[in-house]
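This report concerns only the one structure given below.
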Amino acid sequence: MRNITGQAVVGDDLFGRDYEVGQLWEKLERGEHILMLAPRRVGKTSLMLELQRAPRPDWDVIYLDLESGDSPADCFAAILAGLADHPKYRSWLETIPFRESVGKVLRGLSASADFGVVQVEIKRALAGDWEHAAVQLHGRLARLPDGGARLVLVLDELPILVSRVLKTDTGGAEAGALLSRLREMRQAPDLRNRVLTLVGGSIGLEGILRRAGLSGMINDLSPLRVKSWDRPTAVAFLSKLGQDNEFPLGDGHIDQMLDLLREPVPYHVQLLFSEVHQASRGIPGDVTPEAIERCFRERLAGTSGTSHLDHQAVRLETTLTEQEREMAQVILGRAGRSKNGANVTDVRSQPGQNERLFLSVIRELEAEGYVECDEGVVRFRSNLLREWWRRNQPTARIR
């Protein structure tokens with residue numbers, strides 16, 4: 001098993017997720033459309049790509065990354081490009097009576113066409129009329145042969161695309177139209193149990209739509225929550241990773257690493273293993289408690305860890321309003337002072353505190369995996385994120 005940091009992992013490198021993969025397939029087999037709920041870096045995309053890598057018999061899975069999109073046209077251009085990129089659907093797609101500009105792009109594809117280029121060309125050919133293409137696609141999908149393979153469209157990072165659409169002048173109407181069209185396809189009797197959708201993202205779609213008054217657009221999706229590893233799984237991972245890479249770690253070292261992290265987010269566990277391996281030059285005998293502590297404090301929680309953790313601050317800018325961000329900074333700043341967190345009563349009693357806003361932001365921070373609230377205390381779930389936030393966020397240092 002390889003230690004792959006920063007990239008999705010599949011196959012033999014995907015560890016401890018057999019249950020989640022099984023749950024995804026069970027829901028799909030029952031004909032359910034899925035909303036995958038997961039904090040960042042727990043392996044959401046890896047699970048999606050694993051479905052595509054090893055689909056069950058009589059299933060086709062097409063994975064689509066919508067992170068760079070900012071319009072409904074980007075969503076449907078990606079779907080069309082994904083179908084065109086699949087050898088089974090390429091010739092079938094060419095028979096759809098799209099407008100001539102789209103048909104010309106599809107007919108001109110070669111087997112080696114670059115997916116990204118195709119997506120850009122299709123979006124340009126749509127010329128803003130993405131809804132017409134969506135209707136045509138729906139009609140053609142309804143004529144897929146009975147008894148053939150069932151199709152799963154994986155829409156990764158749809159929440160980011162929707163959040164960008166909502167920030168435009170006509171964002172509410174555009175986002176509503178996109179979500180309505182996707183919902184219509186999910187609920188259409190002629191597509192039922194034949195074309196399924198799996199939606200996921202690194203920011204929560206529920207919170208974005210709740211603030212925009214569009215929550216009803218996804219109430220037909222079946223939620224599936226993906227959490228960080230539990231402690232035994234993280235221990236097993238580090239043991240196997242060490243053995244497979246000729247860098248065995250003692251039980252005491254593994255316990256120390258996981259104690260420092262507190263929440264065993266898969267990506268964070270991988271990062272700490274990588275830093276300890278580098279610091280000791282791959283020599284197991286050079287691993288000491290002091291070295292592990294330095295790797296955690298200086299390499300990951302210090303300024304050098306910014307490239308790995310800065311997205312946590314950026315996400316707040318993407319998902320929250322300015323007023324909500326200010327409240328979130330107060331909450332995280334106070335909670336970050338101690339590994340044990342802060343008393344909720346103390347945090348919510350700040351001068352000028354808006355009770356309704358406070359409760360809304362707390363709920364959002366819990367849903368996004370930043371904090372947990374238990375017995376009147378709010379604390380960071382991840383001690384690594386807490387340490388990094390305390391050291392590197394200016395507002396955290398002055399609260």
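Keep in mind that this is a model prediction, so the values were computed, not measured.
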* Would you say the side chain of Val371 lies within less than 4.5 Å of the side chain of Leu332, judging by non-hydrogen atoms? -> yes

* When you check the side-chain N and O atoms of Thr45 and Asp156, is any donor under 3.5 Å from an acceptor? -> yes

* To do: With side-chain contact (heavy atoms from CB on, under 4.5 Å) as the test, would you mind laying out the steps for Asp85 and Val118 before giving the verdict?
  => CA-CA 9 Å; Asp85 194 49; Val118 172; over 6 Å; no

* To do: Determine whether Leu309 and Tyr267 fall in the same hydrophobic cluster, where Ile, Leu, Val, Met, Phe, Trp and Tyr are linked whenever their side-chain heavy atoms lie under 4.5 Å apart.
  => yes

* Any Lys/Arg nitrogen of Asp220 or Arg186 sitting under 4.0 Å from an Asp/Glu carboxylate oxygen of the other? -> yes

* For the residue pair Met185 and Leu191, what are the closest heavy atoms and their distance? -> O-CD1, 3.4 Å

* Between atom CG of Leu158 and atom CE of Met36, what is the distance when rounded to the nearest 0.5 Å? -> 13.5 Å

* To do: Work out which heavy atom in Val226 is nearest to a heavy atom in Pro39; give both atom names and the distance.
  => O-CD, 3.5 Å

* To do: Evaluate the side-chain contact (heavy atoms from CB on, under 4.5 Å) criterion for residues Val162 and Leu214: first the C-alpha distance (whole Å), next the side-chain angles of each, then the deciding distance (0.1 Å), finally the verdict.
  => CA-CA 11 Å; Val162 171; Leu214 296 170; 5.9 Å; no

* Asked: Is there a donor-acceptor pair closer than 3.5 Å between any side-chain N or O of Ser360 and the backbone N or O of Leu357?
  -> no

* Give a yes or no on whether a salt bridge exists between Arg297 and Glu293, defined as a side-chain N under 4.0 angstrom from a carboxylate O. => yes

* Structure fact -> To the nearest 0.5 Å, atom CD of Gln119 lies from atom CD1 of Ile79 at 10.0 Å

* **Asn219 atom CG, over 12 foreign heavy atoms within 6.0 Å** => yes

* Asked: Given side chains that start at C-beta, do those of Thr197 and Val152 come closer than 4.5 Å, heavy atoms only?
  -> no

* Charged N to carboxylate O under 4.0 angstrom, Glu387 versus Lys339? -> no

* Under the 3.5 angstrom rule, does the side chain of Tyr370 hit a backbone N or O of Gln312 as a donor-acceptor pair? -> yes

* Side chains of His138 and Asp190: is there a donor and an acceptor less than 3.5 Å apart? -> yes

* Do the non-hydrogen side-chain atoms of Leu205 and Ile218 ever get within less than 4.5 Å of each other? -> yes

* Give a yes or no on whether a salt bridge exists between Arg17 and Glu20, defined as a side-chain N under 4.0 angstrom from a carboxylate O. => yes

* **Other residues, nucleotides, ligands: >12 heavy atoms within 6.0 Å of Glu29 CD** => yes

* Asked: Within the distance-only criterion (no hydrogens, no angle test), does the side chain of His33 pair as donor or acceptor with the backbone N or O of Leu221 below 3.5 angstrom?
  -> no

* Structure fact -> Heavy-atom closest pair (Ala342 atom, Arg334 atom, distance to 0.1 Å) is CB-O, 3.7 Å

* Asked: Can you tell if the side chain of Leu35 reaches within under 4.5 Å of the side chain of Leu198, non-hydrogen atoms only?
  -> no

* To do: Anything under 30° is parallel, anything over 60° is perpendicular, the rest tilted; go ahead and classify Phe380 against Trp389.
  => tilted

* Asked: What's the verdict on salt bridge (Lys or Arg N to Asp or Glu O under 4.0 Å) for Arg231 and Asp255, showing C-alpha distance, side-chain angles and the deciding distance?
  -> CA-CA 9 Å; Arg231 179 92 176 204; Asp255 284 340; 3.4 Å; yes

* Asked: Which pair of heavy atoms, one from Glu206 and one from Leu37, lies closest together, and at what distance?
  -> OE1-CD2, 3.6 Å

* Asked: Quick check: does any side chain N or O of Trp229 sit under 3.5 Å from a backbone N or O of Phe15, one acting as donor and the other as acceptor?
  -> yes

* Asked: Side chain of Asp286, backbone of Ala279: donor and acceptor closer than 3.5 Å?
  -> no

* Can you check whether Cys75 reaches Leu66 side chain to side chain, under 4.5 Å on heavy atoms? -> yes

* Side-chain heavy-atom pair Met1, Phe237 within 4.5 angstrom cut-off -> yes

* **Backbone N/O of Gln270 and side chain of Ser274: donor-acceptor pair under 3.5 Å** => no

* To do: Please confirm whether the backbone N or O of Leu241 pairs with a side-chain atom of Arg2, one donor and one acceptor, at under 3.5 Å?
  => no

* Where is the tightest heavy-atom contact between Glu317 and Lys167, given as atom of each residue plus distance? -> O-NZ, 3.7 Å

* Short N-O contact, Arg325 and Glu322, less than 4.0 angstrom -> no

* Separation between NE2 of His277 and CG of Leu272, rounded to the nearest 0.5 Å -> 13.0 Å

* Hydrophobic cluster identity match, Leu14 and Ile4, side-chain contacts under 4.5 Å -> yes

* If you count the non-hydrogen atoms of other residues, nucleotides and ligands that lie under 6.0 Å from CG in Asp169, is the total more than 12? -> no

* **Criterion salt bridge (Lys or Arg N to Asp or Glu O under 4.0 Å) on Lys88 and Asp60, from CA distance to verdict** => CA-CA 9 Å; Lys88 180 176 177 179; Asp60 294 322; 2.8 Å; yes

* Asked: Are Ile122 and Val135 connected in a single hydrophobic cluster, I mean Ile/Leu/Val/Met/Phe/Trp/Tyr linked by side-chain heavy atoms less than 4.5 Å apart?
  -> no

* Asked: Atom CD in Gln329, atom CD in Glu324: separation rounded to 0.5 Å?
  -> 13.0 Å

* Structure fact -> d(Leu24 CG, Leu196 CG) to nearest 0.5 Å is 11.5 Å

* Asked: Near Arg30 CZ, under 6.0 Å, is it more than 12 heavy atoms from other residues, nucleotides or ligands?
  -> yes

* Asked: When you look at NZ of Lys27, are more than 12 heavy atoms from neighbouring residues, nucleotides or ligands closer to it than 6.0 Å?
  -> yes

* To do: Quick one: closest heavy-atom pair of Glu50 and Gly11, and the distance?
  => OE1-N, 2.8 Å

* Does a side-chain heavy-atom distance below 4.5 Å link Leu161 with Val165? -> yes

* Asked: With the threshold set at 4.0 Å, does a side-chain nitrogen-carboxylate oxygen contact exist between Arg210 and Glu364?
  -> yes

* Structure fact -> d(Ser46 OG, Leu51 CG) to nearest 0.5 Å is 11.0 Å

* For the pair Asn383 (side chain) and Leu260 (backbone), establish whether a donor and an acceptor sit closer than 3.5 Å, ignoring hydrogens and angles. => yes

* Is the CZ atom of Arg53 crowded by more than 12 outside heavy atoms at less than 6.0 Å? -> yes

* Which is it for Thr5 and Phe273 under the side-chain contact (heavy atoms from CB on, under 4.5 Å) test, yes or no, and what are the steps along the way? -> CA-CA 10 Å; Thr5 58; Phe273 177 92; over 6 Å; no

* side-chain contact (heavy atoms from CB on, under 4.5 Å) evaluation trace for Ile331 with Phe358 -> CA-CA 9 Å; Ile331 295 169; Phe358 175 83; 3.9 Å; yes

* To do: Please determine, by modelled atom types, if Ser228 and Glu263 share a side-chain donor-acceptor pair under 3.5 angstrom.
  => yes

* Asked: Do Val377 and Leu365 belong to the same hydrophobic cluster, where Ile, Leu, Val, Met, Phe, Trp and Tyr are linked whenever their side-chain heavy atoms lie under 4.5 Å apart, directly or via other members?
  -> no

* Would you say Ile254 and Ser239 make side-chain contact, with heavy atoms under 4.5 Å? -> yes

* Asked: Is Leu359 reachable from Ile362 through a run of hydrophobic residues whose side-chain heavy atoms are each under 4.5 Å from the next?
  -> yes

* Within the distance-only criterion (no hydrogens, no angle test), does the side chain of Arg386 pair as donor or acceptor with the backbone N or O of Gly336 below 3.5 angstrom? -> yes

* Hey, is the main chain of Lys123 close enough, under 3.5 Å, to the side chain of Asp74 for a donor-acceptor pair? -> no

